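The structure appears below as C-alpha cells.
Every value quoted in this text rests on a predicted model; they were computed, and no experiment measured them. FYI, the numbering just counts along the sequence from 1. Each ligand, and each atom within it, is numbered from 1 in the order the structure gives.
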Amino acid sequence: MSTSKLIKVFVYGTLKKSEPNHHWLTTSSNGYSKFISCGQTSEKFPLVIGTRYNIPFLLDKKGTGNNIQGEIYEVDEMMFGKLDELEDYPTHYDREIQDIKTSDGTIVPCWLYLIRNFPEVLLSRKFLTSYTNCKEQQYCESDSEEMTRDEMLNDMAIDYENKSYK
Ligand code: PCA
C-alpha cells in the first residue's frame with residue numbers, strides 16, 4: 001500500500017461485490033482498496049438502467065427516487081484515479097461527496113459517481129434501490145466503452161426494456 005492519503009468511495013453499480021467491474025477494486029496493480037461497510041445514501045436519488053448495454057446511472061436529481069444501497073470502500077489516490085478512468089470522469093460521470101448511512105446509523109461522507117446532464121426521459125424509468133446485473137438485462141462492458149459521450153446520451157434516451165424507440 002502506498003503512503004498516499006485514503007479516500008472513501010461509495011459504489012452502487014457495477015463496482016459492487018459480484019458485479020462486472022468489481023475486479024477493478026481487487027486488482028492490486030490498480031492500487032489499494034479495502035471494503036469498509038454496506039450503506040445507503042442519506043439523500044434520495046433516481047437510479048435507473050439505461051442504454052443497450054444496461055449501465056446503471058445515478059442521476060443528479062436529489063430528492064427523487066430512493067435511498068440507494070451500496071458498499072463503502074477506502075481507496076488510495078492511485079485506485080481513485082483508476083476508478084475515474086473506468087467511469088470516464090469528468091466527461092461521462094461526475095462525482096461528489098455524499099453522506100452514506102451504515103446499518104448502525106453512522107454517517108460516512110463518501111465520493112459517489114453520478115450523471116449530471118441526462119435526458120429528462122430517464123426520469124420516467126423505474127427507480128431502483130439497489131443495482132444487480134442480471135441475465136435478462138446483461139451489462140456489457142467492452143462494447144459500452146466504444147461509445148462516445150454523445151452516442152451514450154442518445155442511447156440513454158431509448159427505453160430498450162420497454163422497446164419504445166422514441
Ligand atoms: N460503477 C460505479 C458507478 C456506476 C457504475 O456502474 C459504481 O458502481 O458505483
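Taking the six-membered ring where the residue is Trp, Phe57 and His92 present perpendicular rings, their angle passing 60° and hence far from 30°. Tyr73 and His22 have tilted rings, their planes meeting at an angle from 30° to 60° on a 0 to 90° scale.
Considering backbone and side-chain N/O atoms, Tyr12 comes within less than 3.5 Å of an N/O atom of ligand 1. Taking only nitrogen or oxygen atoms, main chain and side chain alike, Pro56 does not reach within less than 3.5 Å of ligand 1. Where the criterion is an N or O separation shorter than 3.5 Å, residue side chain and backbone included, Val11 fails it with respect to ligand 1.
In this structure, Phe127 and Leu122 approach most closely via the heavy-atom pair CE2-O, 4.2 Å. In plain terms, the two heavy atoms of Lys8 and Pro109 that are nearest each other are CB-O, 3.8 Å.
Heavy-atom proximity to Thr14, at under 4.0 Å, picks out these atoms of ligand 1: 1 (N), 5 (C), 6 (O), 8 (O).
Counting heavy atoms from C-beta on, the side chains of Leu25 and Leu83 come closer than 4.5 Å.
Scanning the protein for heavy atoms near atom 2 (C) of ligand 1, the closest one is Glu87 OE2, 3.1 Å. Atom 8 (O) of ligand 1 has Gly13 N, 2.8 Å as its closest protein atom, hydrogens excluded (heavy atom only).
Contact annotation: for Glu19 versus ligand 1, there are no heavy atoms closer than 4.0 Å.
Using a non-hydrogen distance threshold of 4.0 Å, Tyr93 registers as a contact of ligand 1.
In this structure, Glu151 does not pair ionically with Arg52, as no charged nitrogen and carboxylate oxygen lie closer than 4.0 Å.
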